[in-house]
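Here's the structure we're looking at; comments come further down.
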Amino acid sequence: MGNSKIRCFLFGAIIMLLFVSIKTQAQNLENGKKIYQTKCLVCHQSDGGGVPNMNAPLDGASNVVGNDIARLVKIIKNGFNERVELDGLYYSNSMTANPDLTPAQISDVLSYIRTSWSNKATKVTTFQVQQAIKGNQKTSAK
Ligand code: HEC
């Protein structure tokens with residue numbers, strides 16, 4: 001009897017954990033969407049399509065769904081004004097920096113843009129963002 005009680009308890013605990021983690025993930029994306037709407041939408045637009053020649057698109061952009069998370073974190077934190085070729089095109093506007101966003105907020109907004117519209121990349125964790133920021137600080141300190 002003791003055993004089956006324990007099994008029952010473990011089963012319940014696993015279900016709870018699953019539920020909580022699914023809920024947290026949904027909240028992260030909700031939160032990412034809110035950050036996107038207040039800080040990014042004005043330039044990158046609600047469909048992530050950007051503005052031709054001015055603001056780079058995020059939907060279908062190879063860098064946005066790519067594996068270089070550190071580069072994405074750096075762009076969000078420090079802004080971006082490099083006038084480099086992005087998927088064969090150039091953009092004239094300057095992206096503003098977001099020094100006020102916490103690592104958790106950066107991971108939420110990156111997760112949102114990597115999984116929205118036609119983008120189907122992996123989400124980004126707060127830990128990945130923290131690692132990327134540590135890397136950035138090393139580079140800028142030398
Ligand atoms: C003032 C307009 C503006 C705002 C606000 C803005 N961006 Fe940008 N973003 C740009 C421009 C312009 C570029 C391209 C800059 C260049 O080519 O030098 C860019 C580039 C990017 C890139 C790189 C795309 C690629 O293909 O490499 C990412 C990722 C990005 N923005 C995400 C965001 C996110 C997330 C936010 C909100 C936190 C945001 N941007 C807010 C204008 C903006």
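Keep in mind that this is a model prediction, so the values were computed, not measured. Both counts, for ligands and for their atoms, begin at 1 and track the order of listing.
- Interface of Asn98 with ligand 1, defined as ligand atoms under 4.0 Å from a residue heavy atom, comprises 38 (C).
- Arg83 places none of its side-chain heavy atoms less than 4.5 Å from the side chain of Tyr91.
- Residue Met95: an N/O/S atom is found under 2.8 Å from atom 8 (Fe) of ligand 1.
- Using a 4.5 Å cut-off on side-chain heavy atoms (C-beta onward), Asp59 and Asp47 make no contact.
- Counting heavy atoms of neighbouring residues, nucleotides and ligands inside a 6.0 Å radius, atom CG of Asn53 does not exceed 12 of them.
- Close N/O approach between Ser94 and ligand 1 is not found [any backbone or side-chain N/O within under 3.5 Å].
- Atom 8 (Fe) of ligand 1 has an N, O or S atom of His44 under 2.8 Å away, backbone or side chain.
- The ligand atoms of ligand 1 that sit less than 4.0 angstrom from a heavy atom of Leu72 are 29 (C).
- Considering backbone and side-chain N/O of Tyr36, none are found under 3.5 Å from N/O of ligand 1.
- Using bins of under 30°, 30° to 60° and over 60° for the plane-to-plane angle, the ring pair Trp117/Tyr112 lands in the perpendicular bin.
- By heavy-atom distance, the residue among Cys40, Gly66, Gly48 lying nearest atom 38 (C) of ligand 1 is Cys40.
- Remark: minimum distance from atom 15 (C) of ligand 1 to any protein heavy atom is reached at Phe80 CD2, 3.4 Å.
- Atoms of ligand 1 lying under 4.0 Å from any heavy atom of Asn55, numbered from 1 in the order shown and given with element: 12 (C), 42 (C).
- Below 4.0 Å from some heavy atom of Asn63 lie the following atoms of ligand 1, by number and element: 25 (C), 26 (O), 27 (O).
- Under a 4.0 Å heavy-atom criterion, Pro57 is not in contact with ligand 1.
- Among all protein heavy atoms, the one lying closest to atom 1 (C) of ligand 1 is Cys43 SG, 2.7 Å.
- Side-chain contact between Asn98 and Asp100: present, with at least one pair of heavy atoms (C-beta onward) separated by less than 4.5 Å.
- Enclosure of atom CG in Asp68 by more than 12 non-hydrogen atoms of other residues, nucleotides or ligands within 6.0 angstrom is indicated.
- The atoms of ligand 1 that sit less than 4.0 Å from any heavy atom of Asn93 are 2 (C), 12 (C).
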